[in-house]
Amino acid sequence: MAKAKKYWLLKTEPTSYSIQDLAAEPTQTTHWDGVRNYQARNILRDEMKRGDRVFIYHSNAKPPGVAGVAVVTQEGYPDFTAWDPDDKHYDPKSSQTDPRWFMVDVRLEFVFERLIGLPELRECAALRDMELLRKGSRLSIQPVRKKEFDTILKLAGMAGK
DNA sequence: GCCAACGTTGGC
DNA sequence: GCCAACGTTGGC
């Protein structure tokens, strides 16, 4: 039997890369580069598997909220932007032989018809324990429980999708 | 623009 | 290994 599908949430600042940017990609696929936090790196490298579904979350946005759903199409591999001195996320400590940072590829499934904003998420009892809503939570790659995933799909009018 | 909450860095 | 200083995140 295949491993159970897992669920994640990926934060992005829409001013640098939004779900609309993802939708505009020729294959609606992108590599999720630029993550420079060890806990998030470990998830990207070790835990996210092909077929896992992810929420795209717009952070530092007006308004902030969950914007849509994507699926993992390529499991963790070295984030080559860390090797590029001209890249914003360049890290001289990451090398090709000993890569420090990782990324996955994700393909858009759908953009929500309306963004599910933070206050609405906070109001929802079923989401009480969600990592995103924890005080001081800053992790840019987070696990999401199936129950939470289904709850948010429902809020978005995409139950069962 | 403010600032709380974290994570990282670097002196010791 | 401690911890103060600094940088970043991200909601408001």
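Atom set for the values below is all heavy atoms of this structure, side chains included, hydrogens, waters and symmetry mates excluded. Below, chains carry the letters A, B, ... as their sequence lines are ordered, and counting in each starts from 1.
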| field | Integer-rounded Å distance: dG1(B) P and K62(A) NZ | value | 11 Å
| field | Salt bridge flag under 4.0 Å for residues R36(A) and D79(A) | value | yes
| task | Grab the CG-C1' distance between L139(A) and dG7(B) for me, whole Å please. | result | 11 Å
| message | In this structure, how many angstroms lie between the P atom of dT8(C) and the CG atom of D91(A), rounded? | response | 14 Å
| Taking atom P of dC12(C) as reference, at what distance in whole Å does atom CZ of R138(A) sit? | 16 Å
| note | From the candidates dG7(B), dG11(C), dA5(B), the one with an atom nearest any side-chain atom of N60(A) is dG11(C)
| request: Can you figure out which of dG11(C), dT9(B), dG10(C) approaches the side chain of K93(A) most closely? | output: dT9(B)
| field | Listed nucleotide nearest any side-chain atom of S59(A), set dG11(C), dT8(B), dG7(B) | value | dG11(C)
| query | Looking at side-chain heavy atoms only, is the closest gap between F110(A) and L153(A) below 4.5 Å? | reply | yes
| request: Among the candidates dT8(C), dG10(C), dT8(B), find the nucleotide nearest to the side-chain atoms of Y38(A). | output: dT8(B)
| message | Need to verify one output field. Residue with the more 5' nearest nucleotide on DNA chain B, G136(A) or R36(A)? | response | G136(A)
| query | Quick one: is dA4(B) close enough that its OP1 or OP2 comes under 4.0 Å of any side-chain N or O from K135(A)? | reply | no
| said: In whole Å, I'd like the distance from the CG atom of L132(A) to the C1' atom of dG10(C). | reply: 11 Å
| field | Separation of atom CD in E131(A) from atom C1' in dG11(C), rounded to whole Å | value | 16 Å
| query | Do F80(A) and H31(A) make the cut of ring centroids closer than 6.0 angstrom? | reply | yes
| said: Whether R114(A) and E120(A) form a salt bridge (side-chain N of Lys/Arg under 4.0 Å from carboxylate O of Asp/Glu) is what I want to check. | reply: yes
| So, is K11(A) close to the dG10(C) phosphate, meaning a side-chain N or O under 4.0 Å from OP1 or OP2? | yes
| said: Please report the distance, rounded to the nearest Å, between CZ in R41(A) and P in dT8(B). | reply: 10 Å
| What's the CD-C1' distance between Q39(A) and dG7(B), to the nearest Å? | 11 Å
| field | Main-chain N/O of A70(A) paired to R53(A) side chain as donor or acceptor, under 3.5 Å | value | no
